Amino acid sequence: MIFITRREHFNAAHRLFREDFSDAKNLEIFGKCSNPNWHGHNYELFVTVCGAVNPQTGFVIDLKVLGEIITEHIIEKLDHKNINLEVDFMQGKLASAENIAIGIWNQLQPVIAEHEGTLYCVKLCETENNYVEYYGEK
Ligand code: NI
């Protein structure tokens, strides 16, 4: 078993809040990310695929193909967008790094399953100091 990772990035706006909380309560729970006027992050995304090396190509998955899959299904939907308002797979969800990573997994998993290799991990860095990793439902 070998693991291969493709890095991509996108810039997007979000707000962490619950409509049933006041702005003060949202600030208490969600901190600066609750700013009612939105704010952005430079997200870094690491998509890891695992599998066996194809002896004919030496690849687990063609990284060019993986890059194209991520661009089409993730980056074009998220880059320079408002995650709360504009991203179809995030509608009705809190736009936390955790939920974004799960949403990205759910978009990518069935597409990667059509190719060589298996999606192993979606790692999403929201800031230099904070990142989440999702390995699917275990
Ligand atoms: Ni934020």
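Counting starts at 1 for both ligands and their atoms, following the listed order. This structure is a prediction, so every number in the text was calculated from the model and none was measured.
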Original post:
Can R18 and D20 be said to form a salt bridge (charged side-chain N to carboxylate O under 4.0 Å, His left out), step by step?
Top reply: CA-CA 5 Å; R18 293 186 60 96; D20 52 335; 3.0 Å; yes
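E126 and Y43 are linked by a side-chain donor-acceptor pair at a separation below 3.5 angstrom, with hydrogens and angles left out of the test.
Annotation: the span from H80 atom NE2 to I75 atom CD1 amounts to 11.5 Å, rounded to 0.5 Å.
A side-chain donor-acceptor contact under 3.5 Å links R15 to the backbone of S34.
Listed by chain and number, the protein atoms of type N/O/S under 2.8 Å from the Ni ion (ligand 1) are H14 NE2, C33 SG, H39 NE2, H41 NE2; waters are omitted.
For F17 and F30, the gap between ring centers reaches or exceeds 6.0 Å.
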Under 3.5 Å, sequence neighbours excluded: what are the donor-acceptor pairs made by side chains of residues 99-107?
| unit_1 | atom_1 | unit_2 | atom_2 | d |
| --- | --- | --- | --- | --- |
| N99 | ND2 | L94 | O | 2.9 |
| N106 | ND2 | I102 | O | 3.4 |
| Q107 | OE1 | K77 | NZ | 3.2 |

